[in-house]
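The structure under discussion appears below in the form of C-alpha coordinates.
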Amino acid sequence: MGNNSSRTSNSIKNSLTSMGVYMINIIIGFVTQSIFIRNLGAEYNGIKGLFMNILSMLSVAELGFGSAIVYNLYKPVAEKNVEEVRTLVKFYRNVYHIVAGVIFVIGLILLPFIPNVVGEVTIPEDVRLLFFLYLISTVASYLITYKRSILYADQKSYITSGISSVFLVLSNVVQILIIIFTKNFVIYLVAQIAFAIVENIVTNLVIDRKYEYIRNLENVKPVSQQVKRDIITKVKGLLFHKIGEFIVLGTDNIIISMTPGLGVIMVGMYANYNMIIMRVKNLFSSVFASLTASVGNLLVEKNKEKSRKIYQSMLLINSWLFCFAAISIYCMIEPFVRIWIGDGYLLSQFVLIVLMVNLYIGGLRFTNNTFKNAAGIFYEDRFIPIVESITNLVVSLILAKIFGLAGIFLGTITSTMILFLYSFPKYIYRLVLEGSYGEYFKLYAKHGLITIVICVITAYISSLINTSNNWLQLFFNGIVCVVVPNVLYFLFAMRMDEFDFYKEKLKYMKTRIRR
(Lines give C-alpha, C1' and ligand atoms only; values in the text may rest on other atoms or scores of the structure.)
Protein backbone atom coordinates (compact mmCIF):
# COMPACT_ATOMS: atom_id res chain seq x y z
CA MET A 1 0.00 0.00 0.00
CA GLY A 2 2.94 2.33 0.79
CA ASN A 3 4.34 2.06 -2.73
CA ASN A 4 0.90 2.64 -4.27
CA SER A 5 0.27 5.58 -1.95
CA SER A 6 3.61 7.20 -2.85
CA ARG A 7 3.00 6.60 -6.54
CA THR A 8 -0.49 8.10 -6.33
CA SER A 9 0.77 11.08 -4.29
CA ASN A 10 3.55 11.88 -6.78
CA SER A 11 1.19 11.44 -9.72
CA ILE A 12 -1.30 13.88 -8.17
CA LYS A 13 1.47 16.41 -7.43
CA ASN A 14 2.85 16.14 -10.96
CA SER A 15 -0.60 16.38 -12.54
CA LEU A 16 -1.83 19.33 -10.47
CA THR A 17 1.43 21.26 -10.89
CA SER A 18 1.47 20.61 -14.63
CA MET A 19 -2.13 21.76 -14.97
CA GLY A 20 -1.41 24.87 -12.89
CA VAL A 21 1.59 25.78 -15.03
CA TYR A 22 -0.37 25.29 -18.23
CA MET A 23 -3.25 27.41 -16.98
CA ILE A 24 -0.74 30.22 -16.43
CA ASN A 25 0.75 29.43 -19.84
CA ILE A 26 -2.65 29.64 -21.53
CA ILE A 27 -3.55 33.03 -20.03
CA ILE A 28 -0.14 34.58 -20.72
CA GLY A 29 0.00 33.02 -24.17
CA PHE A 30 -3.23 34.65 -25.29
CA VAL A 31 -2.21 38.04 -23.94
CA THR A 32 1.22 37.84 -25.61
CA GLN A 33 -0.21 36.56 -28.92
CA SER A 34 -2.83 39.31 -29.01
CA ILE A 35 -0.21 42.03 -28.43
CA PHE A 36 2.15 40.30 -30.90
CA ILE A 37 -0.41 40.27 -33.74
CA ARG A 38 -1.67 43.80 -33.09
CA ASN A 39 1.86 45.24 -33.05
CA LEU A 40 3.77 43.04 -35.52
CA GLY A 41 1.04 41.54 -37.75
CA ALA A 42 0.13 38.20 -39.38
CA GLU A 43 3.37 37.82 -41.39
CA TYR A 44 5.58 37.67 -38.30
CA ASN A 45 3.07 35.31 -36.70
CA GLY A 46 3.24 33.02 -39.74
CA ILE A 47 7.05 33.09 -39.81
CA LYS A 48 7.15 32.24 -36.10
CA GLY A 49 4.93 29.19 -36.63
CA LEU A 50 6.85 28.09 -39.73
CA PHE A 51 10.28 28.27 -38.07
CA MET A 52 9.04 26.33 -35.06
CA ASN A 53 7.89 23.60 -37.46
CA ILE A 54 11.25 23.48 -39.24
CA LEU A 55 13.13 23.29 -35.94
CA SER A 56 10.87 20.49 -34.74
CA MET A 57 12.05 18.68 -37.86
CA LEU A 58 15.68 19.19 -36.78
CA SER A 59 14.85 17.79 -33.34
CA VAL A 60 14.61 14.39 -35.05
CA ALA A 61 18.41 14.39 -34.54
CA GLU A 62 17.69 13.75 -30.84
CA LEU A 63 16.73 10.22 -32.00
CA GLY A 64 14.69 9.56 -28.85
CA PHE A 65 17.69 9.21 -26.54
CA GLY A 66 15.80 11.16 -23.86
CA SER A 67 12.90 8.67 -23.68
CA ALA A 68 15.24 5.66 -23.82
CA ILE A 69 17.47 6.96 -21.01
CA VAL A 70 14.54 8.00 -18.77
CA TYR A 71 13.15 4.48 -19.22
CA ASN A 72 16.48 3.02 -18.07
CA LEU A 73 16.58 5.44 -15.11
CA TYR A 74 13.33 4.17 -13.53
CA LYS A 75 14.95 1.16 -11.88
CA PRO A 76 18.23 2.70 -10.56
CA VAL A 77 16.37 5.77 -9.24
CA ALA A 78 13.81 3.56 -7.45
CA GLU A 79 16.61 1.39 -6.02
CA LYS A 80 18.75 4.47 -5.16
CA ASN A 81 21.62 3.07 -7.22
CA VAL A 82 23.65 6.30 -7.24
CA GLU A 83 26.49 5.10 -9.48
CA GLU A 84 24.13 3.81 -12.16
CA VAL A 85 22.16 7.09 -12.10
CA ARG A 86 25.37 9.14 -12.46
CA THR A 87 26.50 6.94 -15.33
CA LEU A 88 23.23 7.39 -17.24
CA VAL A 89 23.01 11.16 -16.61
CA LYS A 90 26.58 11.67 -17.88
CA PHE A 91 25.84 9.51 -20.92
CA TYR A 92 22.73 11.62 -21.52
CA ARG A 93 24.83 14.82 -21.29
CA ASN A 94 27.40 13.55 -23.80
CA VAL A 95 24.70 12.43 -26.23
CA TYR A 96 22.87 15.76 -26.04
CA HIS A 97 26.05 17.74 -26.65
CA ILE A 98 26.53 15.74 -29.85
CA VAL A 99 22.86 16.26 -30.77
CA ALA A 100 23.24 20.03 -30.25
CA GLY A 101 26.22 20.07 -32.62
CA VAL A 102 24.39 18.05 -35.28
CA ILE A 103 21.29 20.29 -35.12
CA PHE A 104 23.46 23.42 -35.37
CA VAL A 105 25.31 22.12 -38.45
CA ILE A 106 22.09 21.01 -40.20
CA GLY A 107 20.51 24.38 -39.36
CA LEU A 108 23.46 26.22 -40.94
CA ILE A 109 23.14 24.05 -44.06
CA LEU A 110 19.42 24.94 -44.32
CA LEU A 111 20.04 28.66 -43.71
CA PRO A 112 20.59 29.72 -47.37
CA PHE A 113 17.34 28.01 -48.45
CA ILE A 114 15.08 29.60 -45.80
CA PRO A 115 13.89 32.49 -48.06
CA ASN A 116 12.60 29.91 -50.57
CA VAL A 117 10.59 28.12 -47.88
CA VAL A 118 9.15 31.35 -46.45
CA GLY A 119 8.19 32.79 -49.85
CA GLU A 120 7.17 36.40 -50.48
CA VAL A 121 7.13 38.55 -47.34
CA THR A 122 7.20 42.30 -46.71
CA ILE A 123 9.04 42.37 -43.36
CA PRO A 124 12.31 44.40 -43.23
CA GLU A 125 14.42 41.79 -41.39
CA ASP A 126 16.39 39.12 -43.20
CA VAL A 127 14.46 35.87 -42.59
CA ARG A 128 17.80 34.03 -42.38
CA LEU A 129 18.75 36.08 -39.30
CA LEU A 130 15.41 35.27 -37.67
CA PHE A 131 15.84 31.56 -38.40
CA PHE A 132 19.39 31.67 -37.00
CA LEU A 133 18.11 33.10 -33.70
CA TYR A 134 15.50 30.33 -33.45
CA LEU A 135 18.29 27.84 -34.19
CA ILE A 136 20.45 29.21 -31.35
CA SER A 137 17.50 28.91 -28.95
CA THR A 138 16.99 25.25 -29.89
CA VAL A 139 20.68 24.34 -29.68
CA ALA A 140 21.07 26.01 -26.28
CA SER A 141 18.21 23.95 -24.84
CA TYR A 142 19.99 20.70 -25.74
CA LEU A 143 23.21 21.79 -24.05
CA ILE A 144 21.80 22.33 -20.57
CA THR A 145 18.57 20.32 -20.07
CA TYR A 146 20.00 16.82 -19.63
CA LYS A 147 19.73 16.79 -15.79
CA ARG A 148 15.93 17.05 -15.94
CA SER A 149 15.82 13.35 -16.82
CA ILE A 150 16.34 12.36 -13.18
CA LEU A 151 13.28 14.36 -12.09
CA TYR A 152 11.09 12.63 -14.68
CA ALA A 153 12.32 9.18 -13.59
CA ASP A 154 11.89 10.08 -9.89
CA GLN A 155 8.30 11.36 -10.40
CA LYS A 156 9.36 14.89 -9.42
CA SER A 157 8.54 16.71 -12.65
CA TYR A 158 6.47 19.19 -10.61
CA ILE A 159 9.79 20.84 -9.63
CA THR A 160 10.63 21.80 -13.22
CA SER A 161 6.99 22.78 -13.80
CA GLY A 162 7.14 25.25 -10.91
CA ILE A 163 10.38 26.84 -12.13
CA SER A 164 9.03 26.99 -15.70
CA SER A 165 5.91 28.85 -14.53
CA VAL A 166 7.98 31.58 -12.87
CA PHE A 167 10.19 32.11 -15.92
CA LEU A 168 7.18 31.90 -18.21
CA VAL A 169 5.63 34.91 -16.49
CA LEU A 170 8.91 36.87 -16.39
CA SER A 171 9.88 36.21 -20.01
CA ASN A 172 6.44 37.02 -21.39
CA VAL A 173 6.19 40.26 -19.45
CA VAL A 174 9.57 41.37 -20.81
CA GLN A 175 8.69 40.25 -24.36
CA ILE A 176 5.37 42.11 -24.22
CA LEU A 177 7.19 45.29 -23.18
CA ILE A 178 9.71 44.79 -26.02
CA ILE A 179 6.91 44.39 -28.59
CA ILE A 180 4.98 47.45 -27.35
CA PHE A 181 7.94 49.83 -27.00
CA THR A 182 10.32 48.69 -29.75
CA LYS A 183 8.20 46.59 -32.18
CA ASN A 184 11.49 44.80 -32.87
CA PHE A 185 11.20 41.05 -33.55
CA VAL A 186 14.97 40.50 -33.26
CA ILE A 187 15.13 41.92 -29.72
CA TYR A 188 12.03 39.84 -28.89
CA LEU A 189 13.86 36.65 -29.96
CA VAL A 190 17.08 37.56 -28.14
CA ALA A 191 15.09 38.02 -24.91
CA GLN A 192 13.42 34.65 -25.48
CA ILE A 193 16.82 32.95 -25.84
CA ALA A 194 18.23 34.68 -22.75
CA PHE A 195 15.33 33.69 -20.50
CA ALA A 196 15.40 30.07 -21.75
CA ILE A 197 19.11 29.79 -20.91
CA VAL A 198 18.71 31.34 -17.43
CA GLU A 199 15.71 29.08 -16.69
CA ASN A 200 17.75 25.97 -17.51
CA ILE A 201 20.68 27.17 -15.39
CA VAL A 202 18.38 27.76 -12.40
CA THR A 203 16.71 24.36 -12.90
CA ASN A 204 20.11 22.64 -12.93
CA LEU A 205 21.14 24.42 -9.71
CA VAL A 206 17.94 23.22 -8.00
CA ILE A 207 18.52 19.66 -9.25
CA ASP A 208 22.15 19.78 -8.04
CA ARG A 209 20.97 20.68 -4.54
CA LYS A 210 18.39 17.87 -4.48
CA TYR A 211 20.62 15.24 -6.08
CA GLU A 212 24.13 16.27 -5.00
CA TYR A 213 25.68 13.13 -6.44
CA ILE A 214 25.08 14.34 -10.03
CA ARG A 215 26.60 17.78 -9.42
CA ASN A 216 30.01 16.50 -10.48
CA LEU A 217 29.97 13.85 -13.20
CA GLU A 218 33.72 13.30 -13.43
CA ASN A 219 35.22 9.88 -12.67
CA VAL A 220 31.97 8.15 -13.59
CA LYS A 221 32.09 4.56 -14.79
CA PRO A 222 31.04 4.02 -18.44
CA VAL A 223 27.60 2.70 -19.35
CA SER A 224 27.48 -1.10 -19.25
CA GLN A 225 27.30 -2.92 -22.56
CA GLN A 226 23.91 -4.40 -21.63
CA VAL A 227 22.36 -0.98 -20.88
CA LYS A 228 24.03 0.56 -23.95
CA ARG A 229 22.63 -2.20 -26.17
CA ASP A 230 19.16 -1.66 -24.68
CA ILE A 231 19.36 2.11 -25.24
CA ILE A 232 20.66 1.71 -28.80
CA THR A 233 17.91 -0.82 -29.62
CA LYS A 234 15.24 1.55 -28.31
CA VAL A 235 16.83 4.51 -30.11
CA LYS A 236 16.73 2.62 -33.40
CA GLY A 237 12.99 2.25 -32.94
CA LEU A 238 12.55 5.80 -31.64
CA LEU A 239 14.29 7.23 -34.71
CA PHE A 240 11.41 6.01 -36.85
CA HIS A 241 8.92 7.36 -34.33
CA LYS A 242 10.61 10.76 -34.25
CA ILE A 243 10.58 11.02 -38.03
CA GLY A 244 6.98 9.85 -38.20
CA GLU A 245 5.86 12.18 -35.42
CA PHE A 246 7.40 15.18 -37.14
CA ILE A 247 5.91 14.37 -40.56
CA VAL A 248 2.44 13.71 -39.13
CA LEU A 249 2.30 16.49 -36.52
CA GLY A 250 5.02 18.93 -37.51
CA THR A 251 4.76 19.54 -41.25
CA ASP A 252 1.37 21.29 -41.36
CA ASN A 253 2.79 24.83 -41.43
CA ILE A 254 5.39 23.88 -44.05
CA ILE A 255 2.72 22.34 -46.32
CA ILE A 256 0.41 25.34 -45.80
CA SER A 257 3.24 27.77 -46.56
CA MET A 258 4.19 26.00 -49.79
CA THR A 259 0.62 25.25 -51.04
CA PRO A 260 -0.57 27.61 -53.80
CA GLY A 261 -3.46 29.75 -52.57
CA LEU A 262 -2.55 29.39 -48.90
CA GLY A 263 0.97 30.68 -48.06
CA VAL A 264 2.56 32.24 -44.98
CA ILE A 265 -0.44 34.52 -44.24
CA MET A 266 -2.66 31.43 -43.88
CA VAL A 267 0.04 29.92 -41.63
CA GLY A 268 -0.44 32.96 -39.40
CA MET A 269 -4.26 32.59 -39.37
CA TYR A 270 -4.07 28.88 -38.61
CA ALA A 271 -1.41 29.58 -35.96
CA ASN A 272 -4.00 31.42 -33.84
CA TYR A 273 -6.39 28.46 -33.88
CA ASN A 274 -3.50 26.06 -33.39
CA MET A 275 -2.28 28.04 -30.41
CA ILE A 276 -5.68 27.65 -28.72
CA ILE A 277 -5.87 23.96 -29.61
CA MET A 278 -2.29 23.22 -28.49
CA ARG A 279 -2.67 25.13 -25.22
CA VAL A 280 -5.67 22.96 -24.33
CA LYS A 281 -3.99 19.79 -25.65
CA ASN A 282 -0.78 20.48 -23.72
CA LEU A 283 -2.77 21.18 -20.55
CA PHE A 284 -4.17 17.65 -20.69
CA SER A 285 -1.07 15.98 -22.15
CA SER A 286 1.01 17.23 -19.22
CA VAL A 287 -1.31 15.26 -16.93
CA PHE A 288 -0.67 12.03 -18.85
CA ALA A 289 3.07 12.71 -19.21
CA SER A 290 3.30 13.07 -15.43
CA LEU A 291 1.77 9.60 -15.04
CA THR A 292 4.40 7.79 -17.17
CA ALA A 293 6.75 7.03 -14.27
CA SER A 294 3.83 5.74 -12.17
CA VAL A 295 2.69 3.49 -15.01
CA GLY A 296 6.30 2.32 -15.42
CA ASN A 297 6.33 1.26 -11.75
CA LEU A 298 2.92 -0.40 -12.22
CA LEU A 299 4.09 -2.47 -15.19
CA VAL A 300 7.10 -3.71 -13.22
CA GLU A 301 4.60 -5.53 -10.95
CA LYS A 302 3.61 -7.66 -13.99
CA ASN A 303 -0.05 -7.80 -12.92
CA LYS A 304 -1.65 -7.72 -16.38
CA GLU A 305 -5.25 -7.62 -15.20
CA LYS A 306 -4.55 -4.69 -12.89
CA SER A 307 -2.58 -2.87 -15.63
CA ARG A 308 -5.45 -3.41 -18.07
CA LYS A 309 -7.96 -1.93 -15.61
CA ILE A 310 -5.72 1.12 -15.10
CA TYR A 311 -5.45 1.51 -18.90
CA GLN A 312 -9.23 1.37 -19.29
CA SER A 313 -9.74 3.84 -16.45
CA MET A 314 -7.18 6.23 -17.95
CA LEU A 315 -8.87 5.95 -21.35
CA LEU A 316 -12.20 6.91 -19.76
CA ILE A 317 -10.73 10.16 -18.43
CA ASN A 318 -8.74 10.64 -21.66
CA SER A 319 -11.87 10.44 -23.82
CA TRP A 320 -13.90 12.55 -21.39
CA LEU A 321 -11.30 15.34 -21.31
CA PHE A 322 -10.86 15.53 -25.08
CA CYS A 323 -14.59 15.27 -25.77
CA PHE A 324 -15.02 18.25 -23.45
CA ALA A 325 -12.05 20.06 -25.04
CA ALA A 326 -13.17 19.49 -28.64
CA ILE A 327 -16.79 20.58 -28.22
CA SER A 328 -15.82 23.54 -26.01
CA ILE A 329 -13.36 24.88 -28.58
CA TYR A 330 -15.88 24.28 -31.39
CA CYS A 331 -18.60 26.26 -29.60
CA MET A 332 -16.45 29.02 -28.13
CA ILE A 333 -13.60 29.71 -30.55
CA GLU A 334 -15.46 32.02 -32.98
CA PRO A 335 -16.74 34.56 -30.42
CA PHE A 336 -13.39 34.33 -28.66
CA VAL A 337 -11.36 35.05 -31.83
CA ARG A 338 -13.68 37.98 -32.68
CA ILE A 339 -13.02 39.50 -29.26
CA TRP A 340 -9.34 38.56 -29.20
CA ILE A 341 -8.02 39.59 -32.64
CA GLY A 342 -11.04 40.35 -34.89
CA ASP A 343 -13.28 38.81 -37.59
CA GLY A 344 -10.48 38.85 -40.17
CA TYR A 345 -8.76 35.90 -38.45
CA LEU A 346 -11.73 33.47 -38.51
CA LEU A 347 -11.43 30.14 -40.33
CA SER A 348 -14.36 28.35 -41.99
CA GLN A 349 -16.76 26.04 -40.11
CA PHE A 350 -15.59 23.05 -42.17
CA VAL A 351 -11.95 23.66 -41.20
CA LEU A 352 -13.02 24.03 -37.56
CA ILE A 353 -14.94 20.71 -37.55
CA VAL A 354 -11.96 18.89 -39.08
CA LEU A 355 -9.61 20.45 -36.52
CA MET A 356 -11.86 19.31 -33.65
CA VAL A 357 -12.07 15.74 -34.96
CA ASN A 358 -8.28 15.80 -35.29
CA LEU A 359 -7.96 17.12 -31.71
CA TYR A 360 -10.13 14.36 -30.24
CA ILE A 361 -8.52 11.51 -32.17
CA GLY A 362 -5.01 12.86 -31.53
CA GLY A 363 -5.87 13.32 -27.85
CA LEU A 364 -6.75 9.65 -27.47
CA ARG A 365 -3.12 8.81 -28.25
CA PHE A 366 -2.10 9.92 -24.77
CA THR A 367 -3.26 6.83 -22.86
CA ASN A 368 -1.52 4.56 -25.36
CA ASN A 369 1.64 6.67 -25.44
CA THR A 370 1.82 6.70 -21.65
CA PHE A 371 1.76 2.89 -21.52
CA LYS A 372 3.99 2.62 -24.58
CA ASN A 373 6.72 4.85 -23.12
CA ALA A 374 6.45 3.25 -19.68
CA ALA A 375 6.79 -0.24 -21.18
CA GLY A 376 9.68 0.82 -23.43
CA ILE A 377 7.88 -0.23 -26.65
CA PHE A 378 10.06 1.73 -29.06
CA TYR A 379 11.66 -0.86 -31.30
CA GLU A 380 8.86 -3.38 -31.89
CA ASP A 381 6.64 -0.99 -33.88
CA ARG A 382 9.46 0.99 -35.51
CA PHE A 383 8.12 0.73 -39.08
CA ILE A 384 4.59 1.93 -38.25
CA PRO A 385 5.56 5.66 -38.16
CA ILE A 386 7.01 5.38 -41.67
CA VAL A 387 3.73 4.00 -43.04
CA GLU A 388 1.84 6.64 -41.03
CA SER A 389 3.99 9.54 -42.27
CA ILE A 390 3.90 8.49 -45.94
CA THR A 391 0.11 8.16 -45.71
CA ASN A 392 -0.12 11.58 -44.06
CA LEU A 393 1.99 13.35 -46.67
CA VAL A 394 0.32 11.75 -49.69
CA VAL A 395 -3.26 12.18 -48.43
CA SER A 396 -2.60 15.74 -47.14
CA LEU A 397 -1.11 16.91 -50.46
CA ILE A 398 -3.95 15.34 -52.48
CA LEU A 399 -6.78 16.60 -50.24
CA ALA A 400 -5.20 20.08 -49.92
CA LYS A 401 -5.86 20.53 -53.64
CA ILE A 402 -9.52 19.52 -53.17
CA PHE A 403 -10.46 20.94 -49.75
CA GLY A 404 -7.73 23.54 -49.20
CA LEU A 405 -6.65 24.01 -45.57
CA ALA A 406 -9.07 21.35 -44.23
CA GLY A 407 -7.56 18.73 -46.56
CA ILE A 408 -4.18 18.96 -44.81
CA PHE A 409 -5.75 18.02 -41.48
CA LEU A 410 -7.91 15.30 -43.06
CA GLY A 411 -4.60 13.73 -44.08
CA THR A 412 -3.46 13.78 -40.44
CA ILE A 413 -6.71 12.13 -39.30
CA THR A 414 -6.40 9.42 -41.96
CA SER A 415 -2.81 8.54 -41.02
CA THR A 416 -3.54 8.56 -37.27
CA MET A 417 -6.18 5.86 -37.76
CA ILE A 418 -3.35 3.45 -38.68
CA LEU A 419 -2.26 3.61 -35.03
CA PHE A 420 -5.70 2.99 -33.60
CA LEU A 421 -6.60 0.20 -36.01
CA TYR A 422 -3.28 -1.64 -36.02
CA SER A 423 -0.38 -0.39 -33.88
CA PHE A 424 -2.07 0.33 -30.52
CA PRO A 425 -4.18 -2.85 -30.35
CA LYS A 426 -1.25 -5.05 -31.40
CA TYR A 427 1.67 -3.59 -29.44
CA ILE A 428 -0.03 -2.04 -26.41
CA TYR A 429 -3.32 -3.78 -25.66
CA ARG A 430 -2.27 -7.24 -26.86
CA LEU A 431 1.49 -7.32 -26.20
CA VAL A 432 1.86 -5.21 -23.03
CA LEU A 433 -1.55 -5.72 -21.40
CA GLU A 434 -2.37 -9.18 -22.81
CA GLY A 435 -5.93 -8.12 -23.63
CA SER A 436 -8.02 -9.19 -26.63
CA TYR A 437 -8.53 -7.32 -29.89
CA GLY A 438 -12.30 -7.56 -29.47
CA GLU A 439 -12.15 -5.93 -26.03
CA TYR A 440 -9.94 -3.14 -27.40
CA PHE A 441 -12.21 -2.26 -30.34
CA LYS A 442 -15.37 -2.39 -28.18
CA LEU A 443 -13.68 0.00 -25.75
CA TYR A 444 -12.89 2.59 -28.42
CA ALA A 445 -16.21 2.16 -30.24
CA LYS A 446 -18.00 2.85 -26.93
CA HIS A 447 -16.08 6.05 -26.20
CA GLY A 448 -16.27 7.21 -29.83
CA LEU A 449 -20.05 6.79 -29.95
CA ILE A 450 -20.52 8.54 -26.59
CA THR A 451 -18.39 11.46 -27.80
CA ILE A 452 -20.35 11.86 -31.04
CA VAL A 453 -23.70 11.87 -29.18
CA ILE A 454 -22.47 14.38 -26.57
CA CYS A 455 -20.89 16.71 -29.15
CA VAL A 456 -24.03 16.77 -31.33
CA ILE A 457 -26.29 17.49 -28.33
CA THR A 458 -23.96 20.20 -26.96
CA ALA A 459 -23.54 21.89 -30.35
CA TYR A 460 -27.31 21.88 -30.90
CA ILE A 461 -28.07 23.43 -27.49
CA SER A 462 -25.33 26.02 -28.04
CA SER A 463 -26.80 26.95 -31.45
CA LEU A 464 -30.16 27.81 -29.83
CA ILE A 465 -28.56 30.82 -28.15
CA ASN A 466 -27.73 33.62 -30.60
CA THR A 467 -26.68 37.16 -29.73
CA SER A 468 -24.80 39.89 -31.59
CA ASN A 469 -22.73 40.59 -28.45
CA ASN A 470 -19.59 38.43 -28.64
CA TRP A 471 -18.95 38.62 -24.90
CA LEU A 472 -22.47 37.37 -24.11
CA GLN A 473 -22.20 34.67 -26.80
CA LEU A 474 -18.90 33.49 -25.35
CA PHE A 475 -20.38 33.47 -21.84
CA PHE A 476 -23.53 31.53 -22.83
CA ASN A 477 -21.58 29.02 -24.93
CA GLY A 478 -19.10 28.60 -22.09
CA ILE A 479 -21.86 27.77 -19.58
CA VAL A 480 -23.35 25.22 -22.00
CA CYS A 481 -19.94 23.61 -22.61
CA VAL A 482 -19.05 23.37 -18.94
CA VAL A 483 -22.39 21.83 -17.95
CA VAL A 484 -23.79 19.75 -20.83
CA PRO A 485 -20.86 17.54 -22.00
CA ASN A 486 -19.58 16.92 -18.45
CA VAL A 487 -22.98 16.01 -17.02
CA LEU A 488 -23.70 13.73 -19.98
CA TYR A 489 -20.30 12.03 -19.84
CA PHE A 490 -20.67 11.53 -16.10
CA LEU A 491 -24.07 9.87 -16.63
CA PHE A 492 -22.52 7.54 -19.21
CA ALA A 493 -19.36 6.93 -17.14
CA MET A 494 -21.09 6.00 -13.87
CA ARG A 495 -22.53 2.93 -15.62
CA MET A 496 -19.06 1.70 -16.66
CA ASP A 497 -16.79 -0.72 -14.79
CA GLU A 498 -13.87 1.67 -15.43
CA PHE A 499 -15.53 4.26 -13.20
CA ASP A 500 -15.20 1.93 -10.17
CA PHE A 501 -11.44 2.68 -10.08
CA TYR A 502 -12.12 6.36 -9.32
CA LYS A 503 -14.82 5.53 -6.77
CA GLU A 504 -12.32 3.33 -4.92
CA LYS A 505 -9.69 6.11 -5.02
CA LEU A 506 -12.20 8.60 -3.59
CA LYS A 507 -13.13 6.19 -0.78
CA TYR A 508 -9.45 5.70 0.02
CA MET A 509 -8.82 9.47 0.10
CA LYS A 510 -11.86 10.01 2.37
CA THR A 511 -10.57 7.32 4.74
CA ARG A 512 -7.14 8.97 4.95
CA ILE A 513 -8.68 12.43 5.55
CA ARG A 514 -10.80 11.07 8.44
CA ARG A 515 -7.68 9.61 10.04
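These values consider heavy atoms only, across backbone and side chains, with no hydrogens, waters or symmetry-generated copies.
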Q. Does OH belonging to Y460 count more than 12 external heavy atoms closer than 6.0 Å?
A. no

Q.
Within the supplied structure, the quantity of interest is the number of heavy atoms (other residues, nucleotides, ligands) at a distance under 6.0 Å from F475 CZ; does it exceed 12?
A. no

Q) Can you find a heavy atom in the side chain of I276 that is under 4.5 Å from one in the side chain of F336? A) yes

Q. What do you reckon, are the aromatic ring centroids of Y440 and F424 less than 6.0 Å apart?
A. no

Q) Which class fits the ring pair Y489 and F492: parallel under 30°, tilted 30 to 60°, perpendicular over 60°? A) perpendicular

Q: I would like to know whether C323 and C455 meet side chain to side chain contact (heavy atoms under 4.5 Å, CB included); could you show each step before the answer?
A: CA-CA 7 Å; C323 170; C455 286; 4.2 Å; yes

Q: Side-chain contact test, heavy atoms from C-beta onward, threshold under 4.5 Å: evaluate it for T367 versus Q312 and give yes or no.
A: no

Q) What distance separates I398 CD1 from T414 OG1, expressed to the nearest 0.5 Å? A) 10.5 Å

Q. What residues, two or more places apart in sequence or in another chain, satisfy salt bridge (charged side-chain N to carboxylate O under 4.0 Å, His left out) together with E199?
A. R148

Q. Should we say atom NZ of K309 is surrounded by more than 12 heavy atoms from elsewhere, each under 6.0 Å from it?
A. no

(Q) Working to the nearest 0.5 angstrom, can you tell me the gap between I457 CD1 and I452 CD1? (A) 12.0 Å

Q) Yes or no on side chain to side chain donor-acceptor pair (under 3.5 Å) for N358 and T412, after CA distance, side-chain angles and deciding distance? A) CA-CA 7 Å; N358 193 26; T412 304; 4.7 Å; no

Q. Can you name the closest pair of heavy atoms from F371 and M314 and give their distance?
A. CE1-SD, 3.6 Å

**Q.** Contact summary for F324 and S328, nearest pair of heavy atoms
**A.** O-OG, 2.6 Å

Q) Heavy-atom distance under 4.5 Å between the side chains of Y270 and L355, does that happen here? A) yes

Q | Separation between CZ of F167 and CG of L170, rounded to the nearest 0.5 Å | A | 6.5 Å

Q: Kindly state each residue pair satisfying salt bridge (Lys or Arg N to Asp or Glu O under 4.0 Å) with at least one member in residues 310-324, sequence neighbours excluded.
A: none

Q: List the steps, then state whether side chain to side chain donor-acceptor pair (under 3.5 Å) holds for Q473 with E334.
A: CA-CA 10 Å; Q473 190 70 58; E334 288 198 356; over 6 Å; no

Q) Distance from T451 atom OG1 to Y444 atom OH, nearest 0.5 Å? A) 12.0 Å

Q: Taking all non-hydrogen atoms of both residues into account, name the closest pair between N477 and S462 and its distance.
A: OD1-OG, 3.2 Å

**Q.** Heavy-atom side-chain proximity of V395 to L410 below 4.5 angstrom
**A.** no

Q: Might you work through the side chain to side chain contact (heavy atoms under 4.5 Å, CB included) test for N368 and L419, ending with a clear yes or no?
A: CA-CA 10 Å; N368 290 285; L419 298 178; over 6 Å; no

Q) Just by distance, do the side chain of S319 and the backbone of L316 share a donor-acceptor pair under 3.5 Å? A) no

Q: Please report the C-alpha distance between W320 and F490 in whole Å, then the side-chain angles of each, then the deciding distance to 0.1 Å, and finally whether the side chain to side chain contact (heavy atoms under 4.5 Å, CB included) criterion is met.
A: CA-CA 9 Å; W320 188 337; F490 175 77; 3.7 Å; yes

Q) If you measure from OH on Y311 to CG on N318, what distance do you get to the nearest 0.5 Å? A) 9.0 Å

Q) What's the shortest heavy-atom distance between C481 and P485, and which atoms? A) O-CG, 2.8 Å

Q | Residue pair I333 / L352, side-chain heavy-atom distance below 4.5 Å | A | yes

Q) How many angstroms lie between atom CD1 of I418 and atom OG1 of T391, to the nearest 0.5 angstrom? A) 3.5 Å

(Q) Looking at every non-hydrogen atom in both residues, tell me the closest pair between L262 and I256 and how far apart they are. (A) CB-O, 3.4 Å

Q: Check the pair N45 / M269 against side chain to side chain contact (heavy atoms under 4.5 Å, CB included), numbers first and verdict last.
A: CA-CA 8 Å; N45 197 35; M269 291 183 66; over 6 Å; no

Q) Any idea which heavy atoms bring L399 and G411 closest together, and the distance? A) CD1-N, 4.4 Å

Q. Does any non-hydrogen side-chain atom of Y429 lie less than 4.5 Å from one of Y437?
A. no

(Q) With a 4.5 Å cut-off on side-chain heavy atoms, are V31 and N172 touching? (A) no

Q: May I ask you to test the F322-K281 pair for a side-chain heavy-atom distance under 4.5 Å?
A: yes

